[in-house]
Amino acid sequence: MTNPPRNPSDSKQLNADYWGERYRMQMLGWDMGYANEALLSGVLNRSKELRILIPGAGSAWEVERLHQLGFEQVWALDFAAEAREAFLSRVPDFPPERYLIGDFFDHRGEYDHILEQTFFCALDPRFRLDYPRQMARLLASGGVLSGLLFDFPLDENGPPFGGSRLEYLSMFEQNPDDWAEVQIESCLASIPQRLGKEFEFRAIRS
């Protein structure tokens, strides 16, 4: 099974205009307002020189936290220029060239670790198989993709869109040569409003 061609200009797409409007209207229900420690736990014990990407970074609380801790190669990526502007206003000492604006699927680079939080669940489900393929392109050999995925049934009422452990595993199994290991388990360290509704996952690039 292959995904249909992506068309970011489609009026129903979850595109830059859609997300920019959410920021302009302050409709940010996913925004915790602080860094998610469950997400950061996978990188805090690693080298400060680690090349880290956070796609769909939005307000980028995790980027700010890692920056404060001395991680010098952290990049944020988002569709919405409004999110970038708000972040740079809040964190004026962050190098502005490392908050990127653009389509994740068009992005090119090489990273050691990619963090996932409320990005995958915001994608149109038709494009889910593109996600592990693009992640594999961006990660160096032995690189890690880790983070959180929602644990509730997938329907048409998102974003956010959910899924099951078996669905997520099958997604990575579409290109098994890309991944040396994929682990998906119930998250025990979720914030209270998401407790019981999240998986913690870790995938290692071959």
Side-chain angles (χ1 to χ4, degrees), residues 1-10 12-16 18-19 30 36 38-39 41-43 46 50-58 62 75-79 100 102-187 190 194 196-206:
M1 176 179 176
T2 59
N3 286 329
R6 293 184 312 104
N7 180 9
S9 64
D10 189 316
K12 189 55 181 173
Q13 287 296 334
L14 304 173
N15 58 17
Y18 173 89
W19 293 111
W30 65 88
N36 190 331
L39 183 68
S41 62
V43 298
R46 303 192 68 187
L50 203 68
R51 297 169 298 175
I52 301 171
L53 174 69
I54 302 182
E62 289 76 26
W75 281 265
L77 173 65
D78 204 274
F79 251 157
L100 309 171
D103 186 332
F104 165 76
F105 293 101
D106 293 333
H107 182 59
R108 297 295 179 265
E110 184 175 77
Y111 301 93
D112 304 304
H113 204 123
I114 301 178
L115 290 175
E116 162 63 51
Q117 179 181 231
T118 64
F119 170 63
F120 177 80
C121 70
L123 295 174
D124 186 317
R126 293 180 297 163
F127 309 136
R128 287 191 163 188
L129 294 183
D130 291 334
Y131 175 94
R133 294 182 189 128
Q134 174 66 352
M135 288 295 184
R137 293 186 192 105
L138 293 174
L139 282 168
S141 180
V144 176
L145 166 63
S146 70
L148 303 170
L149 298 168
F150 278 130
D151 178 14
F152 52 77
L154 174 63
D155 59 32
E156 298 180 355
N157 296 323
F161 300 102
S164 70
R165 183 175 182 274
L166 287 179
E167 288 176 273
Y168 297 143
L169 285 172
S170 67
M171 181 178 73
F172 283 96
E173 289 169 357
Q174 296 293 321
N175 295 281
D177 291 343
D178 287 342
W179 302 101
E181 181 181 342
V182 180
Q183 298 177 342
I184 303 177
E185 305 294 342
S186 295
C187 182
S190 298
R194 297 178 188 170
K197 299 178 182 179
E198 288 184 312
F199 292 113
E200 186 174 7
F201 84 107
R202 180 181 177 88
I204 300 176
R205 182 72 168 92
S206 298

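All residue numbers refer to positions in the sequence shown, counting from 1.
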Undergrad: Can you see which heavy atom on A122 is nearest to which on P159, and at what distance?
TA: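 Answer, listing the atom of A122 first, then P159: CA-CB, 4.0 Å.
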
Undergrad: Once rounded to the nearest 0.5 Å, what's the spacing between atom OG of S146 and atom CD of E200?
TA: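 Between atom OG of S146 and atom CD of E200 there are 8.0 Å.
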
Undergrad: Between Y131 and F104, how do the two ring planes meet: parallel, tilted or perpendicular, split at 30° and 60°?
TA: tilted

Undergrad: Is the backbone of S141 close enough, under 3.5 Å, to the side chain of R205 for a donor and an acceptor to pair up by distance?
TA: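 Side chain of R205 to backbone of S141, a donor-acceptor pair under 3.5 Å: no, none is there.
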
Undergrad: Distance check, rounded to the nearest 0.5 Å: Q174 atom CD versus L169 atom CG?
TA: 12.0 Å

Undergrad: Do Q183 and E181 meet the criterion of a side-chain donor-acceptor pair at a distance under 3.5 Å?
TA: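 Checked: Q183/E181 side chains pair up, N/O donor to acceptor below 3.5 Å.
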
Undergrad: Closest approach of L123 and F161, non-hydrogen atoms and distance?
TA: O-CD1, 3.2 Å

Undergrad: So which atom in S190 and which in E198 form the shortest heavy-atom distance, rounded to 0.1 Å?
TA: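 Heavy-atom minimum between the residues: OG-OE1, 2.7 Å.
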
Undergrad: Could you grab the distance from atom CG of N175 to atom CE of M135, nearest 0.5 Å is fine?
TA: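 That separation rounds to 14.0 Å.
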
Undergrad: Look at the side chain of D78 and the backbone N and O of A57, then say whether any donor-acceptor pair between them is shorter than 3.5 Å.
TA: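 Confirmed, D78 side chain pairs with A57 backbone.
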
Undergrad: Drop me the distance from I204's CD1 to H113's NE2, to the nearest 0.5 angstrom.
TA: 9.5 Å

Undergrad: Show your reasoning for whether side-chain contact (heavy atoms from CB on, under 4.5 Å) applies to M171 and L129.
TA: CA-CA 6 Å; M171 181 178 73; L129 294 183; 4.1 Å; yes

Undergrad: So which heavy atom on L39 is nearest to which on Q117, and how close?
TA: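 For L39 and Q117, the tightest heavy-atom pair comes out as CD2-CB, 3.6 Å.
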
Undergrad: Below 4.5 Å, heavy atoms only, C-beta onward: do Q134 and R108 meet side chain to side chain?
TA: yes

Undergrad: Run the side-chain contact (heavy atoms from CB on, under 4.5 Å) test on F199 and E185 for me, step by step, so that the C-alpha distance in whole Å, both residues' side-chain angles and the decisive distance to 0.1 Å come before the verdict.
TA: CA-CA 5 Å; F199 292 113; E185 305 294 342; over 6 Å; no

Undergrad: Exactly one of L148, L115, T118 should register a side-chain contact (heavy atoms from CB on, under 4.5 Å) with N36. Which one does?
TA: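 Going through L148, L115, T118 one by one, the side-chain contact (heavy atoms from CB on, under 4.5 Å) with N36 is satisfied by L148 alone.
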
Undergrad: Within the 4.5 Å heavy-atom criterion, are F105 and R133 side-chain neighbours or not?
TA: no

Undergrad: What's the spacing between R137 CZ and L139 CG if we round to 0.5 Å?
TA: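 These two atoms lie 12.0 Å from each other.
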
Undergrad: Under 4.5 Å between any side-chain heavy atoms of L154 and P125, yes or no?
TA: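 Yes, at least one pair of side-chain atoms sits under 4.5 Å.
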
Undergrad: Could you measure the distance from the CG atom of L149 to the CZ atom of F120? Nearest 0.5 Å is fine.
TA: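 Between L149 CG and F120 CZ, I get 6.5 Å after rounding to 0.5 Å.
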
Undergrad: Indicate yes or no: at least one non-hydrogen side-chain atom of P55 is less than 4.5 angstrom from one of I114.
TA: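 A side-chain contact exists here, since the closest heavy-atom pair is under 4.5 Å.
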
Undergrad: Can you give me the closest heavy-atom contact between H107 and Y111, atom names plus distance?
TA: NE2-OH, 2.7 Å

Undergrad: Evaluate the side-chain proximity of R202 to V144: yes if any heavy-atom separation is below 4.5 Å, no if none is.
TA: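 Sidechains of R202 and V144: in contact.
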
Undergrad: Between L77 and F119, is there a side-chain heavy-atom distance shorter than 4.5 Å?
TA: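 No, side chains not in contact.
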
Undergrad: Compare every heavy atom of G163 with every heavy atom of R128, then report the nearest pair and how far apart it is.
TA: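 Between these two residues, the closest heavy atoms are NH1-CA, 4.4 Å.
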
Undergrad: Less than 6.0 angstrom separating the ring centers of F201 and Y168, yes or no?
TA: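 Ring centres of Y168 and F201 not closer than 6.0 Å.
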
Undergrad: For the residue pair D103 and F79, establish whether any side-chain heavy-atom pair is separated by less than 4.5 Å.
TA: yes

